[in-house]
Protein chains: 2
Amino acid sequence: MREKASLRGLWATGETGIAPPGEAGSDTRMVMEEPRTRIQRKNRETILEAALEVFSQHGFRGATLDMIAGAAGLSKPNLLYYFPSKEAIHVTLLSQLMDTWLDPLRELDAGGDPMQELRGYVRRKLELSRDFPRESRLFANEIVQGAPRMQEGLETDLKALVDEKAEVIRGWIAEGRIADVDPHHLIFSIWALTQHYADFDVQVRAVLGPSRDPLAEAEQFLDTLFTRLLAP
Amino acid sequence: MREKASLRGLWATGETGIAPPGEAGSDTRMVMEEPRTRIQRKNRETILEAALEVFSQHGFRGATLDMIAGAAGLSKPNLLYYFPSKEAIHVTLLSQLMDTWLDPLRELDAGGDPMQELRGYVRRKLELSRDFPRESRLFANEIVQGAPRMQEGLETDLKALVDEKAEVIRGWIAEGRIADVDPHHLIFSIWALTQHYADFDVQVRAVLGPSRDPLAEAEQFLDTLFTRLLAP
DNA sequence: TTGCTTTTTGACCAAACGGTCAAGACCACG
DNA sequence: CGTGGTCTTGACCGTTTGGTCAAAAAGCAA
């Protein structure tokens with residue numbers, strides 16, 4: 001299950017990093033298909049990977065183009081050949097992230113066994129925290145600071161999906177198959193508890209000391225917690 | 001219970017914002033008692049209040065001295081008359097915060113009724129999220145970015161207190177007065193769940209829509225959650 | 001090879017930033 | 001009132017930052 005590196009492979013290529021110049025005259029197509037050359041694909045990947053590292057550690061303003069360029073092994077002007085601005089890199093990262101972040105919730109199946117479905121969701125979400133902590137922190141940074149570049153996505157895509165799944169959960173409760181809890185807050189609690197282990201990693205480790213394995217313990221603890229909370 | 005404004009009144013005046021110059025010759029006392037004049041007390045307060053607003057919204061690097069000065073209604077050089085640097089303001093804020101943040105846990109009483117004590121802790125922690133969200137976000141910003149200015153405090157003060165209280169909880173479990181859960185992760189779960197409502201406020205509100213009251217609902221939800229988790 | 005496009009970079013720029021300083025305004029007290 | 005300390009600020013400084021540009025290098029198809 002464990003998987004190193006980033007989610008890049010799974011993502012559609014971003015729409016924000018407007019492709020390089022040099023096509024005004026000769027080509028009249030309206031839609032520009034994604035990164036054309038082998039080099040472009042590779043370098044955009046490299047830049048986004050480096051930017052994820054730097055943005056997740058320092059936040060948007062704390063990150064500098066020089067840091068990203070350094071991490072990517074490219075020159076600063078070269079970054080700006082592939083992305084029109086620092087902000088474009090950041091937005092690309094965020095919009096790709098949004099999709100990935102919601103996938104585990106999308107998998108929640110109204111037809112499955114309620115208890116198993118919800119425990120599965122918790123497990124998948126915790127796996128994201130374990131395997132993609134940088135993505136989690138990138139997201140956390142953005143939200144804590146008021147989500148200046150995401151608010152719309154939250155109020156449309158995210159709300160729609162959550163409302164839909166909340167309705168599913170409400171159905172399970174009505175059928176008496178899980179205990180009666182507010183579905184929205186149930187989902188929040190899953191987010192809060194799982195993401196905590198990625199976002200507040202330093203705190204968790206500082207308190208537990210070096211010899212314990214936070215994520216492994218969390219898996220058990222959270223399974224117990226939600227089992228007791230939801231048992232009918 | 002609700003209380004506007006900040007925690008300032010409760011705090012000891014910080015030790016980090018080395019007092020203004022102008023005392024080399026005439027006064028030989030070793031210890032300098034805190035802000036001497038009425039004006040100094042007032043302006044240091046004003047600056048810290050403004051800095052809390054700005055730092056919690058933009059993070060350390062995202063905040064500028066001009067923003068803080070603007071929010072405080074003072075000139076930039078005037079800020080630097082009261083604090084030696086931007087970092088000193090930030091550190092003062094953080095060190096004051098640490099104490100306040102741990103107070104609710106300190107109140108956990110080994111002699112009290114376990115269930116009532118733990119539910120009380122959750123309630124107090126949630127009150128902090130409701131009344132002092134900026135403080136919560138200041139803390140979150142710092143931890144998410146690796147706690148560059150707090151790590152020591154986490155590994156000493158915080159760890160010591162948590163370990164102590166974890167032992168208390170372990171005792172309660174041994175006596176069969178609450179269910180068997182890992183005490184450390186129980187505490188983490190309280191932090192995660194309560195702080196989520198302050199730190200991820202925009203997300204919570206975006207999902208719930210404008211007509212619901214997140215914090216009021218959370219109080220009930222969390223009470224239910226921990227009751228079910230801990231019932232022996 | 002030639003010739004054209006894509007990619008890379010050193011030099012450069014204007015704005016923003018944290019911080020300094022000397023001079024002036026203000027204030028309290030004899 | 002005046003005098004000495006406290007407080008305030010406009011002007012300024014060196015550095016960092018996001019971003020530009022023209023020209024060189026590399027890639028590639030014929």
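The chains referred to below are lettered A, B, ... by the order of the sequence lines, with proteins before strands, and numbering in each begins at 1. Because only heavy atoms are used, hydrogens play no part in the values below, and waters and symmetry mates are left out as well, while side chains stay in.
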Below 3.5 Å between N/O atoms, which protein atoms pair up with nucleotides 22-24 of chain C? Just atom names and distances, please.
none

Using side chain to side chain donor-acceptor pair (under 3.5 Å) as the criterion, list what pairs up with A:Ser136, not counting sequence neighbours.
-> A:Asp199

Residue list, salt bridge (charged side-chain N to carboxylate O under 4.0 Å, His left out) with A:Lys42, at least two apart or on another chain = none

Under the side chain to side chain donor-acceptor pair (under 3.5 Å) test, which residues partner B:Asp103, sequence neighbours left out?
-> B:Arg106

Does the distance from a Lys or Arg side-chain N to an Asp or Glu carboxylate O, for A:Glu45 and A:Arg41, drop under 4.0 Å?
-> no

Return a table of donor-acceptor pairs under 3.5 angstrom between the side chains of residues 142-152 of chain B and protein atoms on other chains or two or more places apart.
from, atom 1, to, atom 2, distance (Å)
B:Glu142, OE2, B:Arg149, N, 2.8
B:Gln145, NE2, A:Asn141, OD1, 3.1
B:Arg149, NE, B:His90, ND1, 3.4
B:Arg149, NH1, B:Glu87, OE1, 3.4
B:Arg149, NH1, B:Glu87, OE2, 2.9

Checking C:dT6, D:dT6, D:dT9 against the side chain of A:Gln40 (C-beta onward), the nearest is C:dT6

So, is B:Ser75 near the phosphate of D:dG10, with a side-chain N or O under 4.0 Å from OP1 or OP2?
-> no

Counting primed atoms, P, OP1 and OP2 as sugar-phosphate and everything else as base, the B/S/- map of nucleotides 13-19 of chain C against protein heavy atoms under 4.0 Å is ----SBB

Counterpart residues, salt bridge (charged side-chain N to carboxylate O under 4.0 Å, His left out), relative to A:Glu164 (two or more places apart) | none

In whole angstroms, the gap separating C1' of C:dT9 from CG of A:Asn43 amounts to 14 Å

To the nearest Å, give me how far apart CZ (A:Phe83) and C1' (C:dT7) are.
-> 15 Å

How would you list, by chain and number, every residue that makes a ring-ring contact (aromatic ring centres under 6.0 Å, His included) with B:His185, sequence neighbours excluded?
-> A:Tyr197, A:Phe221, B:Phe188

Excluding sequence neighbours, so at least two apart, what forms salt bridge (charged side-chain N to carboxylate O under 4.0 Å, His left out) with B:Glu217?
-> B:Arg212

Integer-rounded Å distance: D:dC7 C1' and B:Ile47 CD1 = 12 Å

Test side chain to side chain donor-acceptor pair (under 3.5 Å) applied to B:Lys86 - qualifying residues, sequence neighbours left out = none

In whole Å, what is the span from the CZ atom of A:Arg44 to the P atom of C:dT8?
-> 14 Å

Results of salt bridge (charged side-chain N to carboxylate O under 4.0 Å, His left out) for A:Glu53 - residues two or more places apart only | A:Arg134

Side-chain N or O of A:Tyr81 less than 4.0 angstrom from OP1 or OP2 on D:dT20?
-> no

Report all interatomic pairs (protein N or O, nucleotide N or O of nucleotides 24-30 of chain D) with separations under 3.5 Å.
from, atom 1, to, atom 2, distance (Å)
D:dC28, OP1, A:Arg38, NH2, 2.8

From CG of A:Asn78 across to P of D:dA23 the rounded distance in Å is 19 Å

Using 4.0 Å as the upper bound for N to carboxylate O, is an ion pair formed by A:Arg123 and A:Glu219?
-> no

